[in-house]
Amino acid sequence: MYAIVKTGGKQYKVAVGDVVEVEKLEGAPGTELNLAAVLVVDGTDVTTDLDALAKVSVTGKVVEQTKGPKIRIHKFKNKTGYHKRQGHRQKLTRVEVTGITK
């Protein structure tokens with residue numbers, strides 16, 4: 001059984017025991033949380049109906065709060081001497097999926 005969950009504007013395919021990195025969610029390590037299911041596949045049974053998905057529960061546990069890789073941004077305009085350097089590290093949360101119930 002696996003599910004497609006939506007969080008942070010993105011969708012992830014998860015199964016029980018998977019550890020996924022999603023955009024930052026509030027909570028200390030060990031905190032339980034629920035993820036919104038978009039689709040659930042159980043063998044040949046596929047659930048996409050909104051009423052049925054309202055009963056589906058995808059639970060997870062926060063493993064750690066972390067940061068993604070450093071992204072370097074460099075803006076440059078020719079012949080004007082304009083340079084701008086900037087960096088960014090996205091804040092991420094590692095979540096272990098502990099259960100998918102229908």
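Computed from heavy atoms alone, side chains included, the values below leave out hydrogens, waters and symmetry copies.
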Spatial distance of atom [atom1] ([X]) from atom [atom2] ([Y]) [nearest 0.5 Å]:
X	Y	atom1	atom2	result
E23	L92	CD	CG	7.5 Å
E64	E21	CD	CD	7.5 Å
T7	K24	OG1	NZ	12.0 Å
I73	R85	CD1	CZ	13.0 Å
D49	K55	CG	NZ	9.0 Å

| query | Among all residues two or more places apart in sequence or in another chain, which pass the ring-ring contact (aromatic ring centres under 6.0 Å, His included) test with Y82? | reply | none
| Got a sec, which residues hit ring-ring contact (aromatic ring centres under 6.0 Å, His included) with H83, two or more places apart in sequence or on another chain? | H74, F76
| said: Any side-chain to backbone donor/acceptor pair from D18 onto A15? Under 3.5 Å, distance only. | reply: yes
| Within the side chain of R72, is there an N or O that forms a donor-acceptor pair under 3.5 Å with the backbone of G87? | no
| message | I'd like to know whether E32 forms a salt bridge (charged side-chain N to carboxylate O under 4.0 Å, His left out) with K61, so could you lay out the CA-CA distance, the side-chain angles of the two residues, the decisive distance to 0.1 Å, and finally the verdict. | response | CA-CA 5 Å; E32 294 286 327; K61 180 176 70 170; over 6 Å; no
| message | I'd like to know whether NZ of K13 has more than 12 heavy-atom contacts from other residues, nucleotides or ligands below 6.0 angstrom. | response | no
| message | Please determine whether the number of non-hydrogen atoms from other residues, nucleotides or ligands lying under 6.0 Å from atom NZ of K6 exceeds 12. | response | no
| said: A side-chain contact here means heavy atoms from C-beta on lying under 4.5 Å apart; do Q65 and K91 qualify? | reply: no
| query | In the hydrophobic clustering (ILVMFWY, side-chain contacts below 4.5 Å, transitive), which residues join L25, or is it alone? | reply | M1, V5, Y12, V14, V16, V20, V22, L33, L35, V40, L53, V56, V58, V62, V95, V97, I100
